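The structure appears right after this line, and notes come after that.
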Amino acid sequence: MVRQTPFNWLKPKNDFVLKLILGSENDQSKELLLAFLNDFLYVPALQSFTSVEILNPIINKQSIYDKGSILDIKAKVPGYGYVNIEMQLANQNNMHKRSLYYASKLIENQLFVSDEYTKVERVVANNLLDFPFFSSTPYHSCFRLMEERLHEPFPDLLQLHFTEMPKFIRQDQAGKIPVNDRKAKWIRFFTNEDDTRWFEMAKQDPVMEKMVESLRVASLDPEARELYESRVKALKDLNSIRGEARREGIAEGIKEGLEKGQKEGKREASRELAKKMLRKGFEVSDIMEMTELTETEIEKLMVEINNH
């Protein structure tokens with residue numbers, strides 16, 4: 001039973017809190033992660049996932065303070081494949097490419113040099129977005145590979161799921177969410193900002209009771225609260241950096257910079273632009289997209305910057 005004691009709750013719409021509750025190396029966290037996956041992937045009751053291995057349970061404290069770090073959840077479900085869960089609060093207009101990139105990494109990392117391709121297992125990316133991204137009406141979108149003329153599905157090895165939480169909130173307020181929507185209770189949990197509603201949510205079912213209890217315990221833990229507040233600050237700093245970059249015309253001036261680079265040496269211009277973006281805190285995937293440099297080239301530039 002969740003105890004009702006007044007205090008300030010942590011907001012679950014935060015990648016640190018998501019990972020703490022669903023991605024920690026303890027039995028309750030695994031139980032809740034299984035419940036989340038069974039509901040979000042609409043696994044039939046008789047085929048429900050019963051075990052899961054969390055591949056990155058440790059929260060590196062340095063990652064909390066690192067504005068560009070990703071606090072996602074990577075897990076393996078025996079007999080099903082690999083899953084990745086990520087919470088994104090700011091729209092960088094690259095979520096489709098970002099999700100595909102990290103899902104591809106999960107595929108790549110399954111094999112060692114001598115392994116057979118037959119060992120490749122399904123990869124499912126679950127992206128929880130705090131912003132509208134697609135123009136379509138449904139709040140949830142799932143993308144898979146298929147043949148374009150016959151619409152024959154490719155073997156089910158890759159799924160990209162996007163849950164646009166603002167769309168859900170609008171539809172929920174309008175009474176348009178079906179009562180049998182298994183994702184609904186989870187999104188209501190992640191998006192709730194009214195502390196008076198937590199105990200009401202806990203009464204829904206045993207899973208939500210444990211989710212609320214896990215959030216309560218984390219909210220009362222001084223270390224967890226300190227890390228949460230540091231993470232909130234880091235994410236705000238990152239958004240501030242990006243806003244400043246836009247104001248300075250970095251993003252808008254990329255095309256001009258590359259055109260100038262054609263005269264002065266396009267490659268060198270891309271390198272200089274990448275250095276500037278690294279100093280501003282941009283993510284490697286963003287820099288790759290904007291400069292067309294490879295990940296290896298950008299890593300070398302990071303070493304150059306750190307050595308000066």
Side-chain angles (χ1 to χ4, degrees), residues 15 18-19 22-27 29-30 33-34 36-38 40-41 43 47-63 66 68-88 94-127 142-148 150 152-162 267 270-271 274 278 283-289 291-307:
D15 54 3
L18 175 73
K19 188 172 179 67
L22 296 182
S24 297
E25 189 61 60
N26 60 67
D27 291 342
S29 190
K30 290 181 180 180
L33 178 59
L34 282 169
F36 173 89
L37 293 173
N38 281 321
F40 256 69
L41 299 176
V43 181
Q47 302 173 28
S48 294
F49 302 146
T50 57
S51 64
V52 64
E53 176 188 0
I54 299 174
L55 303 178
N56 59 341
I58 299 175
I59 300 179
N60 188 324
K61 288 188 178 181
Q62 186 57 40
S63 298
D66 184 353
S69 67
I70 300 172
L71 296 183
D72 60 354
I73 298 171
K74 294 184 178 70
K76 182 177 182 181
V77 179
Y80 182 79
Y82 294 81
V83 296
N84 177 258
I85 305 170
E86 182 179 349
M87 177 80 72
Q88 267 296 318
N94 64 359
M95 199 62 218
H96 54 313
K97 295 181 179 180
R98 175 193 181 100
S99 182
L100 180 60
Y101 176 80
Y102 287 110
S104 299
K105 283 290 186 181
L106 269 180
I107 295 175
E108 177 188 4
N109 292 339
Q110 292 181 39
L111 299 182
F112 294 102
V113 176
S114 59
D115 285 341
E116 297 287 339
Y117 289 118
T118 53
K119 292 187 177 181
V120 173
E121 297 183 53
R122 179 192 291 111
V123 166
V124 176
N126 276 288
N127 302 283
C142 175
F143 297 90
R144 310 180 191 218
L145 298 174
M146 69 169 56
E147 202 284 326
E148 65 177 13
L150 302 177
E152 181 179 348
F154 190 81
D156 188 17
L157 291 174
L158 178 64
Q159 299 178 23
L160 302 180
H161 293 258
F162 299 87
R267 207 65 183 168
S270 295
R271 283 168 51 83
L278 284 169
E283 294 185 15
V284 171
S285 57
D286 293 341
I287 300 173
M288 290 172 63
E289 178 184 353
T291 65
E292 298 183 357
L293 295 178
T294 66
E295 184 176 7
T296 300
E297 289 173 318
I298 294 171
E299 289 175 349
K300 289 181 180 178
L301 292 177
M302 293 173 67
V303 174
E304 287 182 24
I305 293 173
N306 292 332
N307 288 338

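We count residues from 1, following the sequence as given. This is a predicted model, so every value here is computed, not measured.
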Would you check if the side chain of [X] reaches a backbone N or O of [Y] as a donor-acceptor pair within less than 3.5 Å?
X: D115; Y: F112; value: yes
X: E297; Y: T294; value: yes
X: N56; Y: K74; value: yes
X: S29; Y: E25; value: no

When the ring planes of F143 and F162 are compared, do they come out parallel, tilted or perpendicular, using 30° and 60° as the limits?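 Judged by the thresholds at 30° and 60°, the geometry between F143 and F162 is perpendicular.
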Indicate whether any N or O donor in one side chain lies under 3.5 Å from an N or O acceptor in the other, for E295 and Y101.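 Side chains of E295 and Y101: pair found under 3.5 Å.
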Distance (rounded to the nearest 0.5 Å) between [X] [atom1] and [Y] [atom2]:
X: C142; Y: L41; atom1: SG; atom2: CG; answer: 8.5 Å
X: R98; Y: L160; atom1: CZ; atom2: CG; answer: 13.5 Å
X: L18; Y: M87; atom1: CG; atom2: CE; answer: 5.0 Å
X: L34; Y: S51; atom1: CG; atom2: OG; answer: 7.0 Å
X: M95; Y: L100; atom1: CE; atom2: CG; answer: 11.0 Å
X: L301; Y: I287; atom1: CG; atom2: CD1; answer: 8.5 Å

Counting C-beta onward and ignoring hydrogens, is there a side-chain heavy-atom pair between [X] and [Y] closer than 4.5 Å?
X: V120; Y: L111; result: yes
X: V124; Y: R122; result: yes
X: D15; Y: D72; result: no
X: Y82; Y: L55; result: yes
X: N84; Y: I73; result: no
X: H161; Y: Q159; result: yes
X: S24; Y: P57; result: no
X: I54; Y: L33; result: yes

Heavy-atom closest pair, residues A103 and L158: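 Where A103 meets L158 most closely, the heavy atoms are CB-CD1, 3.8 Å.
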Taking all non-hydrogen atoms of both residues, which atom of S48 and which atom of V43 are closest, and how far apart?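 Residues S48 and V43, closest heavy atoms: CA-CG1, 3.7 Å.
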Give the C-alpha distance, both sets of side-chain angles, the deciding distance and a yes or no for side chain to side chain contact (heavy atoms under 4.5 Å, CB included) between F40 and I85. CA-CA 11 Å; F40 256 69; I85 305 170; over 6 Å; no
Show your working on side chain to side chain contact (heavy atoms under 4.5 Å, CB included) between K119 and Q110 and close with a plain yes or no. CA-CA 8 Å; K119 292 187 177 181; Q110 292 181 39; over 6 Å; no
Does a sphere of radius 6.0 Å around CD in E152 hold more than 12 heavy atoms from other residues, nucleotides or ligands, not counting ones at 6.0 Å or beyond?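 12 or below, so no.
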With a 6.0 Å cut-off (strictly less than), is the heavy-atom count around CG of D27, excluding the residue itself, greater than 12?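 No, because the 6.0 Å sphere around CG of D27 holds 12 heavy atoms or fewer from other groups.
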Hey, are [X] and [Y] close enough for a salt bridge, meaning a charged N less than 4.0 Å from a carboxylate O?
X: K105; Y: E108; value: yes
X: K19; Y: E86; value: no
X: R144; Y: D156; value: yes
X: K30; Y: E53; value: no

